[in-house]
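Read through the structure below, which is laid out as structure tokens, and then see the notes.
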Amino acid sequence: MRIIRSAALAAALAIAISPAFSGEAARVYGRILAEAGSVQEKYAAATAASSVDDPDLAPYLADALDWTLGARSTVRSGPERETYEKLTRVLLKRLGEARYANAAASAMRAVGDSTDPLTRAEALIALGSMRADEYAERIALLLRDLNNEPTADKQGGEQVAYGCVIALERMRSPVGFAPLFFASEGWYSKRVRDQAERSLALVLADPSESVSALLRTETPPRMLRALALELRSQAPAVGKTAVAALALSRGIAYAPRNRVEQGQLSELRVVAMNALASAGPGNGSAVPDMAEAYRIGPTDERLVAMKALGAEKSPASAAALRDIILDLNSAQKAGLVDETRNALMRAALQNAAFNAGKELAPAVQAVLINGGWSSGVLSLASIAQKALQQ
């Protein structure tokens with residue numbers, strides 16, 4: 001009986017793909033799918049139907065998926081189970097490619113019911129293709145849990161995680177940003193981590209809000225990664241400036257636990273201040289943090305802090321530069337002379353000329369009347385004075 005039934009199915013499939021029946025292919029395949037009574041027959045019908053590019057076929061494939069999911073408890077282990085999982089994946093893949101959103105609930109059921117990682121991954125990818133963002137939060141939570149620690153079946157865990165990554169990327173939901181961020185540095189293979197990194201750039205065109213949340217709660221290396229993501233994103237300039245200012249503030253407020261974190265926080269402040277300098281004139285709100293970065297940072301960071309103060313061009317930034325110049329001048333008069341202080345003074349005067357705020361005038365004048373400075377420093381002071389007079 002099974003041989004006769006399989007032969008009849010093969011004949012029906014041959015008729016369905018013939019040119020004479022091309023206009024009715026969806027209906028014919030739908031009938032064949034419905035009448036296929038075993039997992040093996042269903043798989044043969046679904047495999048053939050999946051090669052037909054006809055949107056009218058999607059409802060029939062969805063019905064076949066529902067039958068398949070309902071039959072799960074009756075499927076025997078071994079070859080029948082393997083065929084069953086392949087059948088489920090074929091249906092999910094085709095429904096995802098068709099973006100048939102009416103099958104989203106069934107795809108989510110496959111994620112929850114299946115014990116096969118490849119089937120779960122295919123269901124997740126299908127949900128992403130369907131843009132079934134009503135399930136974005138559940139998928140984000142699934143990826144979050146996977147990120148926490150390796151699964152007993154590491155390969156299977158990676159397959160499901162990959163499905164989550166692709167689904168969240170295609171859904172473009174903000175809830176996917178944080179789990180994708182942590183997946184990109186998680187326990188997975190390079191393939192999964194790299195895909196999560198690529199997906200991060202696609203899930204949010206403007207990640208400013210999500211990046212800000214990471215900056216407020218995460219460790220220095222993660223803050224550095226989050227800031228880098230923001231600066232290379234498509235966020236508007238005003239958003240990038242606000243995030244850079246927050247990163248600078250966090251780089252000062254965060255209490256380092258060791259020398260490694262001290263270096264990471266300094267790097268964070270440098271990246272943030274370079275971004276602020278590139279942004280140009282500001283309103284002075286970030287000046288106290290720039291000044292503090294100058295106070296606590298190593299020489300390279302101090303140079304960047306002065307660059308940011310020069311570019312900021314607010315009265316507050318001019319006043320901060322003035323105080324730096326006066327302090328360096330006082331140290332020189334007290335006999336504290338070395339190449340580092342000379343380099344800092346040269347940078348301070350160059351940025352004073354760029355800032356050109358009137359608040360700088362007394363400090364520049366103090367340098368000019370101090371004969372202890374080198375001719376190079378005095379020349380830069382003269383240039384700064386001319387800039388202040390324009």
field: Full working for side-chain contact (heavy atoms from CB on, under 4.5 Å) between Leu229 and Phe177
entry: CA-CA 11 Å; Leu229 279 169; Phe177 188 88; 4.1 Å; yes
task: Could you tell me whether Glu82 and Lys86 make a salt bridge, using a distance below 4.0 angstrom between a side-chain N and a carboxylate O?
output: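 The answer is no: the pair does not qualify as a salt bridge.
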query: Is Arg232 paired with Glu197 through a side-chain N to carboxylate O contact shorter than 4.0 Å?
result: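 Looking at Glu197 and Arg232, the cut-off is met.
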field: Intermediate values then yes/no, side-chain hydrogen bond (donor to acceptor under 3.5 Å, both in side chains), Asp116 and Ser114
entry: CA-CA 5 Å; Asp116 184 86; Ser114 179; 5.2 Å; no
message: Run Val304 and Tyr294 through side-chain contact (heavy atoms from CB on, under 4.5 Å) and show every step you take.
response: CA-CA 8 Å; Val304 175; Tyr294 176 87; over 6 Å; no
To the nearest 0.5 Å, what is the distance between [atom1] ([X]) and [atom2] ([Y])?
{"X": "Arg250", "Y": "Leu227", "atom1": "CZ", "atom2": "CG", "value": "13.0 Å"}
{"X": "Met306", "Y": "Glu301", "atom1": "CE", "atom2": "CD", "value": "11.5 Å"}
{"X": "Arg269", "Y": "Met223", "atom1": "CZ", "atom2": "CE", "value": "10.0 Å"}
{"X": "Thr68", "Y": "Leu87", "atom1": "OG1", "atom2": "CG", "value": "4.0 Å"}

Just so I know, are the side chains of [X] and [Y] near enough to count as touching, which here means a heavy-atom distance under 4.5 Å?
{"X": "Pro59", "Y": "Tyr100", "answer": "yes"}
{"X": "Leu268", "Y": "Tyr254", "answer": "no"}
{"X": "Met345", "Y": "Asn342", "answer": "no"}
{"X": "Asn274", "Y": "Lys307", "answer": "yes"}
{"X": "Ile139", "Y": "Met171", "answer": "yes"}
{"X": "Ser106", "Y": "Leu69", "answer": "yes"}
{"X": "Asn147", "Y": "Pro179", "answer": "yes"}
{"X": "Met290", "Y": "Leu276", "answer": "yes"}

message: Using the rule that Ile, Leu, Val, Met, Phe, Trp and Tyr join whenever any side-chain heavy atoms are under 4.5 Å apart, tell me whether Leu92 and Tyr162 fall into a single cluster.
response: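 No, Leu92 and Tyr162 fall in different hydrophobic clusters.
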Centre of [Y]'s six-membered ring, under 6.0 Å away, within 45 degrees of the axis: is that where NZ or CZ of [X] sits?
{"X": "Arg225", "Y": "Phe181", "answer": "yes"}
{"X": "Arg193", "Y": "Tyr188", "answer": "no"}
{"X": "Arg138", "Y": "Tyr135", "answer": "no"}

Minimum heavy-atom separation for [X] to [Y], with atom names?
{"X": "Ala347", "Y": "Leu303", "answer": "CB-CD2, 3.5 Å"}
{"X": "Val52", "Y": "Arg94", "answer": "O-NH2, 3.2 Å"}
{"X": "Ala348", "Y": "Ile325", "answer": "CB-CG1, 3.7 Å"}

Using modelled atom types only, decide if a donor and an acceptor are shared between the side chain of [X] and the backbone of [Y] within a distance under 3.5 Å.
{"X": "Ser379", "Y": "Gly376", "result": "no"}
{"X": "Asn355", "Y": "Leu309", "result": "yes"}
{"X": "Ser173", "Y": "Gly176", "result": "no"}
{"X": "Lys42", "Y": "Ala36", "result": "yes"}

Going by distance alone, is a donor N or O of one side chain under 3.5 Å from an acceptor N or O of the other, for [X] and [Y]?
{"X": "Asp153", "Y": "Thr151", "result": "no"}
{"X": "Gln234", "Y": "Asp206", "result": "no"}
{"X": "Gln195", "Y": "Glu169", "result": "yes"}

field: side-chain hydrogen bond (donor to acceptor under 3.5 Å, both in side chains) evaluation trace for Thr119 with Arg89
entry: CA-CA 6 Å; Thr119 299; Arg89 291 197 291 271; 3.2 Å; yes
- prompt: Could you go step by step and tell me if Ser314 and Glu312 meet the side-chain hydrogen bond (donor to acceptor under 3.5 Å, both in side chains) rule?
  reply: CA-CA 6 Å; Ser314 67; Glu312 225 266 354; 2.4 Å; yes
message: If you apply the rule side-chain contact (heavy atoms from CB on, under 4.5 Å), what do you find for Trp187 with Glu158, and how did you get there?
response: CA-CA 9 Å; Trp187 56 268; Glu158 286 192 349; 3.8 Å; yes
query: Yes or no on side-chain hydrogen bond (donor to acceptor under 3.5 Å, both in side chains) for Ser129 and Arg170, after CA distance, side-chain angles and deciding distance?
result: CA-CA 6 Å; Ser129 298; Arg170 293 177 180 178; 2.6 Å; yes
